[in-house]
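Whatever order the structure lists them in is the order used to number ligands and atoms, beginning at 1.
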Amino acid sequence: MRALVFDGPGRIVHRDDIPAAEVEHPDDAVVAVRLAGLCGSDLHPYAGREPARRGVVPGHEAVGEVVAIGAAVERCAVGDRVLVPFTTSCGACAACRRGLSARCARGQLLGWGDPDDLEAPALHGAQAERLRVPLADGTLVRVPEEIGDVAALLLTDNLPTGWAAVERLGPVEGEPLAVVGLGAVGLCAVAAARALGADPVIGIDPVAGRRVQAERLGALTAEPDGAEGMVAEVLGGPARLPAAVDAAGTAGGQRLAVALLRPGGALSVIAVPTDGGFAFSPVEAYDRNLAVHLGRAPVRSLLDRLVPLVRDGRLAVPADVVITHPDVPLSEGPEAYRRFAAREPGLTKVAFDPAR
Ligand SMILES: NC(=O)c1ccc[n+]([C@@H]2O[C@H](COP(=O)([O-])OP(=O)(O)OC[C@H]3O[C@@H](n4cnc5c(N)ncnc54)[C@H](O)[C@@H]3O)[C@@H](O)[C@H]2O)c1
Ligand SMILES: [Zn+2]
Ligand SMILES: [Zn+2]
C-alpha cells in the first residue's frame, strides 16, 4: 500500500511498497482511510524534539471505512464509517472505566514505535491507505451520517483534546479564559471554551491568520507581546485570569499563560511537554497558589458525550476554520510536513486523502 514513513528527524518519505495492513489479532479491524490528519504532535519527532522509531508510518487521526474485522470483533462491521481516536483502548480496564481511555492498560498510540526498545511492538499510523486498529470494539466509533468526514476527523483528536483542556479547569461559565497557541488544538479549545460558556475567551498566537480563525470561533485575540495589556483592558484593570490553556508547547507560551493567571488560577497544559522542565518554578506556582493540569486527552472516553453534541449542532466547529487543507494527496506528504512545520501563512491543518 501507499503510506508515509518516518525516516528520522526532518525526513518523511512517501512509499508505495509498504505491506498492506491486515487483521493480525482476533480483536483487530482494518480501516480503509478516507482522511488522515497531520497534527502538531507529528511535528515533535519530525523536529527531533521527541524520540520515534524509523520506518514507522506516522499519523494518529483517521476517518475511514471498515474493510476487515477479526473473529472476536462484535461492535463494528465491514462497511461501517468510523472514526479512530488517536490511542486504542479496551473499554474494560480500570482506566477506561474511569473515563481515562488515553491510559488504557492495553492501549497503544497510533503511528509510533519506541526507538530504544526495538522488541516492543510499533503500531503503524494513519497516513496510509489502510490502518490496522487493535482493540477495535473498544476503540472505534461509528460516525453518524449528519457528521461529514472532515468534521469527523476533528473528533479523532483535536476537538476532544481542546475540550479536555478546558473541562479539566473546572466550571468556566461566565469566566474569562485565555488560550495560548492557536494551532488546531488551541482553536478547538477556543470553540470548547465558548461552548462551555467561558466569556470572554482570549486567544493568543504570533501568527496573524490563526488569530483571525480564532475570532471566527468567537475569541478576542492578541499577539503574545500585547496579551497582558489586552487582558488588563478587557477586565478593566490589572486583574488577571482564573484560567488559561497552554496549547503552544513552547517555553514562551507557557510563561505567558502563567503570567496571565491571578493567584489561585488554574493552568491547563494540553501541549505535549518536550522540554525537560516547566517554564515556571514550583516556588512561583506555590507563591501564587496555582493549580496545574496536564496529560493526554482521553478521546475515546469523551466521544460518548461529544459525538452527540456535534451531531446535534450543539458543539459547532466549522471544520474549514481549522482544517485549511482538507484533501492533500499522500504523495505531497513530505512537502506538507515541511510547510506545516514552517507555519506557512494560511496553512493551519492538513488532512491527507489517500485515495487521491
Ligand atoms: N494532550 C493531548 O492529548 C494532545 C493531543 C493533541 C495535540 N497535543 C499537543 O498540543 C499542541 C498543539 O498542537 P497543534 O496541532 O495545535 O500544534 P501547532 O504546532 O499547529 O500549534 C501550536 C501553536 O502555538 C503557537 N505558539 C508558539 N509559541 C507561542 C507563544 N509564545 N505564544 C503564543 N502562541 C505560540 C504557534 O504559533 C502555533 O500556532 C502540541 O504540543 C501537540 O503535541 C496534545
Ligand atoms: Zn494529535
Ligand atoms: Zn482499557
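When heavy-atom distances to ligand 1 are checked against a 4.0 Å cut-off, Arg343 comes that close only through its side chain, counted from C-beta outward. Counting heavy atoms under 4.0 Å from ligand 1, residue Thr274 does not touch it at all. In Val207, the part holding a heavy atom less than 4.0 Å from any atom of ligand 1 is the side chain. At a 4.0 Å heavy-atom cut-off, ligand 1 touches Ala247 through the backbone alone.
Not a single donor-acceptor pair under 3.5 Å links the side chain of Arg132 to the backbone N or O of Ala20. Judged purely by atom type and a 3.5 angstrom limit, Ser268 uses its side chain to pair as donor or acceptor with the backbone of Ala165. Side chain of Asp80 to backbone of Val82: no donor-acceptor contact under 3.5 angstrom is found. The backbone N or O of His325 lies less than 3.5 Å from no partner atom in the side chain of Lys349, so there is not a single donor-acceptor pair.
Residue-environment remark: CD (Glu24) exceeds the threshold of 12 foreign heavy atoms within 6.0 Å. Within a 6.0 Å sphere centred on CD of Glu74, other residues, nucleotides and ligands contribute 12 heavy atoms or fewer. No more than 12 heavy atoms of other residues, nucleotides or ligands sit less than 6.0 Å from atom CG of Asp225. For CZ of Arg75, the number of neighbouring non-hydrogen atoms (other residues, nucleotides, ligands) closer than 6.0 Å is 12 at most.
Protein heavy atom nearest atom 18 (P) of ligand 1, with residue, atom name and distance: Arg210 NH1, 4.1 Å. Protein heavy atom closest to atom 6 (C) of ligand 1, with residue, atom name and distance, is Asp157 OD1, 3.2 Å. The protein non-hydrogen atom at the shortest distance from atom 13 (O) of ligand 1 is Val185 CG2, 3.5 Å. Asp205 OD1, 2.8 Å is the protein heavy atom nearest to atom 37 (O) of ligand 1. Residue, atom and distance of the protein heavy atom nearest to atom 42 (C) of ligand 1 are Ser41 OG, 3.3 Å. Protein heavy atom nearest atom 17 (O) of ligand 1, with residue, atom name and distance: Gly40 CA, 3.5 Å. Closest to atom 4 (C) of ligand 1 among all protein heavy atoms lies Thr161 CG2, 3.6 Å. The protein non-hydrogen atom at the shortest distance from atom 1 (N) of ligand 1 is Ile270 O, 2.9 Å.
Note on ligand 1: Gly295 sits in its first shell, one or more heavy atoms being nearer than 4.0 Å. The shell of residues lying under 4.0 angstrom from ligand 1, judged by heavy atoms, includes His44.
At least one side-chain heavy atom of Gln127 sits less than 4.5 Å from a side-chain heavy atom of Leu38. Looking at heavy atoms from C-beta onward, Asp353 lies out of side-chain contact with Val328 at the 4.5 angstrom threshold. Taking 4.5 Å as the limit, every side-chain heavy atom of Cys104 sits out of range of all side-chain heavy atoms of Thr88.
Near the Zn ion (ligand 2), less than 2.8 Å away, sit the protein N, O or S atoms Cys39 SG, His60 NE2, Asp157 OD2.
Close contacts between ligand 1 and Arg296 involve ligand atoms 1 (N), 2 (C), 3 (O) [criterion: under 4.0 Å to a heavy atom]. Short contacts between ligand 1 and Phe340, defined as distances under 4.0 Å to a heavy atom of the residue, involve ligand atoms 20 (O).
When only interatomic distances are considered, the shortest N/O to N/O separation between Ala184 and ligand 1 falls below 3.5 Å. Ligand 1 has no N or O atom lying under 3.5 Å from any N or O atom of Cys39, backbone or side chain.
When each of Leu217, Asp199, Leu177 is paired with Arg194, the side chain to side chain contact (heavy atoms under 4.5 Å, CB included) condition holds for Asp199 and for no other.
Rounding to 10°, one obtains 110° for the angle at the Zn ion (ligand 3) between SG (Cys104) and SG (Cys96).
Nearest-residue assignment for atom 34 (N) of ligand 1 (options Gly253, Gly183, Pro206; heavy-atom criterion): Pro206.
The structure places CZ of Arg53 at 7.0 Å from CG of Asp117, a figure rounded to the nearest 0.5 Å.
In this pair, Phe352 and Tyr337 present their aromatic rings parallel. The plane angle is below 30°, not in the 30 to 60° band.
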